[in-house]
There are 2 protein chains.
Amino acid sequence: MTTIERARSGRGRIDKRTAILDAAVKVFSQEGYAQANIDAIASLAGVAKPTVYNHFHDKETLFRTVMRDSADRSTARIIAAFATLPDDGADLAGELERVGHLMVECQLSEEGWALQRLLYAEAARLPDLYDEVVARGGIPALNVLAGRLAGLANRGHLEIDDPAVAAGQFMALVAGNLPALSALGTRPVSPDDLADAVRDGVRTFLRAFAAPARRRSSRRPRES
Amino acid sequence: MTTIERARSGRGRIDKRTAILDAAVKVFSQEGYAQANIDAIASLAGVAKPTVYNHFHDKETLFRTVMRDSADRSTARIIAAFATLPDDGADLAGELERVGHLMVECQLSEEGWALQRLLYAEAARLPDLYDEVVARGGIPALNVLAGRLAGLANRGHLEIDDPAVAAGQFMALVAGNLPALSALGTRPVSPDDLADAVRDGVRTFLRAFAAPARRRSSRRPRES
DNA sequence: GTTATTTTGAACTCATACGTTCAAATTGGC
DNA sequence: GCCAATTTGAACGTATGAGTTCAAAATAAC
């Protein structure tokens, strides 16, 4: 089943499989699940229709595979971006903006939007697929960011009660405007608007969570 | 065409039309556009199929009407909620939480999620519909909230540079966790989780935008 | 009651598209 | 060169569903 298994088994032609997946992600994201045409996918992949059914039992299996792969790619990108956030707190605003940019660019990518739109579209029909994508994507990414923020808080650069909450709020603040800006990914976003949105989000995040400059309290409870 | 026109023209049976729309919103939101079946809508509305085509020229027209009506209802609810935000700044945190609750409940409603999922699903295919819904829904609602926040800022209860940005960030902070919490509207949200999310959002919003207690920025001294 | 309009049921047309079948061609391993 | 697995093309069966047609029935206006 897995890419690796097939590659080792020898006989299966791995390139056909990936060609089908590449074509499928394009067609699904342009047309949506129901409107996507298997013949179109086969033709775009340069493959005969029975070959598609040879690799993927039916349309739903193909769709699920596409969504899983897409989620894995996006997650890897976002986690890599978060991992570059330094712990030392130097130029915190600049670093948060940089990471915020990487994050939104991942979501703004063709594939990021496609994944999100398809998830929304099919969540009601395939709730387990939604759960799986969240488990593979959103949750790990959020955990990584929460860990970085917790590190910054421990070193006194941020004042954070709950790192997971703060991580979610960072994402909401920085990326919350993206759907409106890009019309759900159907229109290009001007780099200036994007930079403004990220900057505003980071500024508000820091207004809420930046540790007071004078005090270098590692942990200062605000109220009981 | 409009409800009112039809009601005055007399001959058209207005109740059939609304019954069709009610049925259509249910079927569309459960099945999605492509999977939605006109026969099912007609049957659920207690109406013959040609009657559907008598009121709405084709499936897409019916869909667009459903989306517009749904957007109008949601917008009216949210704007009504925002309008109850008092200007005087008394119990600001409590009031923001109350309004935040009204806002997320609107989005959490069956219809709110249906609208959002269908928008995401069909945005690529019907970009103009997306624009129309945003123009009727998101933008007016955001403007009303921005106006309220600006009022609070003028009276010295908030410290806000750009009310529109702050309004968008309020929505992002308070509602940003909803998709994950409710699995895009496919699962019920526990009232406790919901209250936590709203409280966390409002707390962060106030940490970023609350006017410092000592300084009386503009007009009104803080009464305490 | 008369009349114009709407509604209804049922059957029909037509297009789309999933998934299958199968014999022939191709491929890769040995 | 031989064999086993895969691929291919093209046709097919089948299902689904949008939108139409039409004559009969129901309805509202006058």
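Below, chains carry the letters A, B, ... as their sequence lines are ordered, and counting in each starts from 1.
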- For the residue pair B:Phe28 and B:Phe63, categorise the inter-ring angle as parallel (less than 30°), tilted (30 to 60°) or perpendicular (more than 60°). perpendicular

- Name the orientation class of the two ring planes belonging to B:Phe170 and B:Phe205 (parallel below 30°, tilted from 30 to 60°, perpendicular beyond 60°). perpendicular

- So, does A:Lys59 use its side chain to make a donor-acceptor pair with the main chain of A:Ala36 at under 3.5 Å?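 Such a contact is found between A:Lys59 side chain and A:Ala36 backbone.
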
- Is the backbone of B:Ala183 close enough, under 3.5 Å, to the side chain of B:Thr186 for a donor and an acceptor to pair up by distance?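 Here the side-chain-to-backbone pair exists.
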
- Message: Here's a test of your reading of the structure: between B:Tyr53 and B:Pro50, which maps to the more 5' nucleotide of DNA chain D?
- Response: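 The answer here is B:Tyr53.
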
- Task: Check each residue of residues 34-44 of chain B for a non-hydrogen atom within less than 4.0 Å of any atom in DNA chain D, then write out the ones that pass by number, or none.
- Result: B:Ala36, B:Asn37, B:Ile38

- Which of these, B:Lys26, B:Arg73, B:Gln116, sits in a side-chain hydrogen bond (donor to acceptor under 3.5 Å, both in side chains) with B:Glu111? B:Arg73

Interatomic distance where [atom1] belongs to [X] and [atom2] belongs to [N] [whole Å]:
X       : N     : atom1 : atom2 : result
B:Ile20 : C:dT6 : CD1   : P     : 13 Å
A:Arg17 : D:dT6 : CZ    : C1'   : 15 Å
A:Asp15 : D:dT6 : CG    : P     : 14 Å
B:Asn54 : C:dT5 : CG    : P     : 13 Å

- Across all chains, not counting sequence neighbours, the salt bridge (charged side-chain N to carboxylate O under 4.0 Å, His left out) partners of B:Arg77 are none

- Query: Considering only D:dT7, C:dG19, C:dT8, which nucleotide approaches the side chain of A:Asp58 most closely?
  - Reply: C:dG19

- Task: Give a yes or no on whether a donor-acceptor pair under 3.5 Å exists between the nucleobase atoms of D:dG9, that is its base, and the side chain of A:Lys49.
- Result: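 Such a pair does not exist between side chain and base.
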
For [N], does either OP1 or OP2 sit under 4.0 Å from a side-chain N or O belonging to [X]?
X       : N     : answer
A:Thr51 : D:dT8 : yes
A:His55 : D:dT7 : yes
B:Lys16 : C:dT8 : yes

